Amino acid sequence: MSALPHADLVAPECRTPVLHVDMDAFYASVAVRDDPALAQVPVVVGGGGRGVVLSANYLARSRGVTSAMPMTRARRLCPDAVVLAPDFDLYAQVSAAVLENFREVTGVVEMVSVDEAFLDVSGSARQWGSPRRIAEWLRSRIHDEQRITCSVGIAPSPTLAKIASRRAKPDGVFTVDPDEILEFLHPLDVGELWGVGEKTRTLLHRLGLRTVGQVARTPLPTLHRALGAAVGTHLYELAHGVDRRVVVAKSGPHAPEASVGADHTFEHDVIDASVTERELLRLSAKVATRMRAGGVAGRTVTIRVRFSDFTTITRSRTVSEPTDVTLEIHRTAVALLRQLGLQRARVRLVGVRVSGLVPRSRVQTQMELGQREQGWSDAERAVDAAARRFGSAVVGPASLLAR
DNA sequence: TCTGGGGTCCTAGGACCC
DNA sequence: TCTGGGGTCCTAGGACCC
């Protein structure tokens, strides 16, 4: 009898092929595509003074630059790199075009982020042939139309396909066959598994568990004690080749979100509370505008404060009625901030997040009961419309203007 | 080296209700 | 009078992903 609960439901050899398509150095590749002069130099896409590397081309990577590295370090490692600010609107356009290519092959496409997707191609064989042929067709199609390269992992489950696409990089295809799953998996470092980050990897290494195979040979209760029930079970199953994840076709652009938030790292640490509170207003406006655009309202406001030593705290408050009003979100955020009683603390980052979201249509009646709030919601909606017509520079909370 | 901004999910404790 | 357990909601923190 298998030690795996419900293993029969997810036996890997029963599963249909999944493709994981991952753009190679996506942001940097788009930049190089649009400026061929960049092709022969290291390119780093990233934020300003205190930002991190968002993307680096392979020339920059050969010099040691990696994703998420502080920009200061990247510049030191690679002083001759061309440093570019990200252009997220452009990436979204390319991403949408690539999504159309995916949809030509199968209706079951799950975009995991702007530059990667899972494709369930189990229904595509008759028309398109083997997963390998589909992968090659997609790669050439994307290369012809978008002039960027991607890599594809093919495997019997999403998590394995994800690991496989990393093996395929750059500009390649890597397949894990159903009958060689464990041979593929067990020699890998535990850090290769999706869901094992730096902390968990270090913890497992300290326990003497360096490879996926060693995790597979560890009793489940031991993993539970070390990692908690959820992570322990998840890793145990993955190590045995069992992957409960399935490809979920996202139904249009209206995927329900659990929260909307924004945060900001100051260029220099801030001591003056009035500066922090004004930033909370700007972030509240950003969040509320996105909520109204998405047609949602929320009840729980959470602020985040990160200090100069990088310690980070959160404080939250749940109010009785969902809101999408800037001034209400800001009022709650400021109350939470003041409750902290920060004296001369050096604040590096502040953030605002609203969760407990419900469709605005469902709270309409309650909002009308509070006439004042309803008035604000309508007024801000009018501001949204003006901003769309004339640009966001012309309207905004008074205390954000003329600074 | 000195660490962004957008999210998700899990855990654990306490309040409260039945 | 004292002792229960379960369910749900809220809060805070932490890990992880891209």
Side-chain angles (χ1 to χ4, degrees), chain A residues 20 22-23 25-27 44-55 64-78 85-86 88 91-92 95 110-118 158-159 162-163 165-166 190-204 224-235 244-245 248 255-267 269 279 283 286-287 290 294 299-320 332 336 339-340 348-357:
Chain A
H20 181 256
D22 200 341
M23 303 300 134
F26 184 50
Y27 299 175
V44 177
V45 179
R50 291 173 125 179
V52 299
V53 174
L54 299 172
S55 179
V65 177
T66 61
S67 201
M69 169 185 287
M71 285 298 291
T72 48
R73 180 161 184 228
R75 288 175 195 271
R76 220 174 352 255
L77 282 170
C78 198
F88 295 109
Y91 309 144
S95 185
E110 179 179 351
M111 288 299 289
V112 201
S113 72
V114 73
D115 70 338
E116 59 178 296
F118 290 113
T159 304
K162 168 99 183 158
I163 298 172
S165 74
R166 215 175 315 162
V190 287
E192 300 259 342
L193 294 178
W194 217 18
V196 177
E198 197 47 51
K199 305 277 181 179
T200 304
R201 179 173 181 266
T202 303
L203 196 156
L204 289 170
H224 279 181
R225 275 195 303 277
L227 304 166
V231 174
T233 300
H234 180 238
L235 288 195
R244 293 176 185 278
R245 196 186 165 106
V248 181
E257 281 161 330
S259 68
V260 176
D263 48 42
H264 178 71
T265 298
F266 296 112
E267 212 49 53
D269 294 346
E279 182 59 27
L283 295 169
K286 193 173 175 182
V287 167
R290 294 214 315 252
R299 286 176 59 216
T300 302
V301 176
T302 303
I303 66 163
R304 203 150 77 100
V305 180
R306 174 170 292 155
F307 301 100
S308 53
D309 66 355
F310 223 70
T311 57
T312 307
I313 60 172
T314 63
R315 291 293 181 274
S316 65
R317 176 178 297 176
T318 301
V319 297
S320 56
T332 305
L336 288 166
Q339 264 179 19
L340 290 174
R348 179 189 177 92
L349 166 150
V350 285
V352 179
R353 179 165 297 276
V354 179
S355 55
L357 303 186

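Here the structure is a predicted model, which means the values were calculated and not measured. Order of the sequence lines sets the chain letters (A, B, ...), proteins ahead of strands, with each chain counted from 1.
- V196(A) comes within contact range of the sugar-phosphate backbone alone, with a heavy-atom separation under 4.0 Å but no base atom that close.
- Between L77(A) atom CG and dT1(B) atom P there is a gap of 10 Å when expressed in whole angstrom units.
- Looking at the side chain of W194(A), the nearest of the listed nucleotides dG6(B), dT8(B), dC17(C) is dC17(C).
- For dT11(C), neither phosphate oxygen OP1 nor OP2 lies less than 4.0 angstrom from any side-chain nitrogen or oxygen of T302(A).
- Comparing dG5(B), dG7(B), dC18(C) by their closest approach to the side chain of T265(A) singles out dG5(B).
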Hey, can you pull the donor-acceptor pairs under 3.5 Å for the side chains in residues 299-308 of chain A, sequence neighbours left out?
| residue | atom | partner | partner atom | Å |
| --- | --- | --- | --- | --- |
| R299(A) | NE | V319(A) | O | 3.0 |
| T300(A) | OG1 | T318(A) | OG1 | 2.9 |
| R304(A) | NH2 | D263(A) | OD2 | 3.0 |
| R306(A) | NE | T312(A) | OG1 | 2.9 |

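- The gap from the P atom of dC18(C) to that of dT3(B) amounts to 22 Å, rounded to the nearest Å.
- Closest contact between the side chain of R348(A) and the listed nucleotides dC2(B), dC17(C), dC16(C) involves dC2(B).
- Between the CZ atom of F26(A) and the C1' atom of dC18(C) there is a distance of 12 Å, rounded to whole Å.
- Along DNA chain B, the nucleotide nearest to R304(A) and the one nearest to V231(A) differ in position, and the one closer to the 5' end is contacted by R304(A).
- Nucleic acid contact class of T200(A) (heavy atoms, under 4.0 Å, all strands): sugar-phosphate only.
- The residue G51(A) sits close only to the backbone: its heavy atoms come under 4.0 Å of sugar-phosphate atoms, none of a base.
- Of the listed nucleotides (dT8(B), dT1(B), dT11(B)), dT11(B) has the atom at the smallest distance from the side chain of A229(A).
- Residue contacts for R75(A): at a heavy-atom cut-off of 4.0 Å it reaches no nucleic acid atom on any strand shown.
- One finds no side-chain N or O of R201(A) lying less than 4.0 angstrom from the OP1 or OP2 phosphate oxygen of dA15(C).
- Dashed line: the shortest gap from a side-chain N or O of K286(A) to OP1 or OP2 of dG5(B) is not under 4.0 Å.
- Within the 4.0 angstrom heavy-atom criterion, only backbone atoms of the sugar-phosphate kind lie near R290(A); the bases stay farther away.
- Checking the phosphate oxygens (OP1, OP2) of dG7(B), no side-chain nitrogen or oxygen of S259(A) falls inside 4.0 Å.
- Checking dG4(B), dT11(C), dT3(B) against every side-chain atom of P70(A), the shortest atom distance belongs to dT3(B).
- No donor-acceptor distance shorter than 3.5 angstrom exists from the side chain of E110(A) to the backbone of F118(A), with no hydrogens or angles considered.
- If you check every strand for non-hydrogen atoms under 4.0 Å, V260(A) touches sugar and phosphate atoms only.
- The nucleotide whose nearest atom lies closest to any side-chain atom of K199(A) is, among dT1(B), dC16(C), dG4(B), dC16(C).
- The R353(A) side chain lies nearest to dG7(B) when the options are dG7(B), dC17(C), dG4(B).
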Once pairs are restricted to Watson-Crick or G-U wobble with both distances under 3.5 Å, how does DNA chain C read as a dot-bracket string, [ ] for crossings and | for other-strand pairs? ....||||||||||||||

Quick one, R348(A) with E267(A), criterion salt bridge (charged side-chain N to carboxylate O under 4.0 Å, His left out). Give me CA distance, side-chain angles, the key distance, then yes/no. CA-CA 8 Å; R348(A) 179 189 177 92; E267(A) 212 49 53; over 6 Å; no

Would you sort out whether K162(A) and E116(A) count as a side-chain contact (heavy atoms from CB on, under 4.5 Å), showing the intermediate values? CA-CA 9 Å; K162(A) 168 99 183 158; E116(A) 59 178 296; 2.7 Å; yes

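- At the phosphate of dC10(C), neither OP1 nor OP2 sits under 4.0 Å from any side-chain N or O atom of S316(A).
- Among dG13(C), dT3(B), dG5(B), the nucleotide with an atom closest to any side-chain atom of I313(A) is dG13(C).
- One interatomic measurement links the two molecules: CZ of R315(A) to C1' of dG13(C), which rounds to 10 Å at whole-angstrom precision.
- Side-chain proximity of T314(A) to the nucleotides dG4(B), dC16(C), dA12(C) is greatest for dA12(C).
- Nearest-nucleotide positions on DNA chain C place R299(A) closer to the 5' end than the other of T312(A) and R299(A).
- A salt bridge between R290(A) and E257(A) is absent, with no side-chain N of the basic residue lying under 4.0 Å from a carboxylate O of the acidic one.
- Centre separation under 5.5 Å together with a plane angle under 30° does not hold for the ring of F310(A) and the six-membered base ring of dC2(B), so they are not marked as stacked.
- Among the nucleotides dC2(B), dC10(B), dG4(B), the one closest to the side chain of A68(A) is dG4(B).
- Between Y27(A) and Y91(A), the angle of the ring planes stays under 30°, which puts this pair in the parallel group of the 30/60° scheme.
- Atom pair M111(A):CE and dG7(B):P shows a separation of 17 Å (rounding to whole Å applied).
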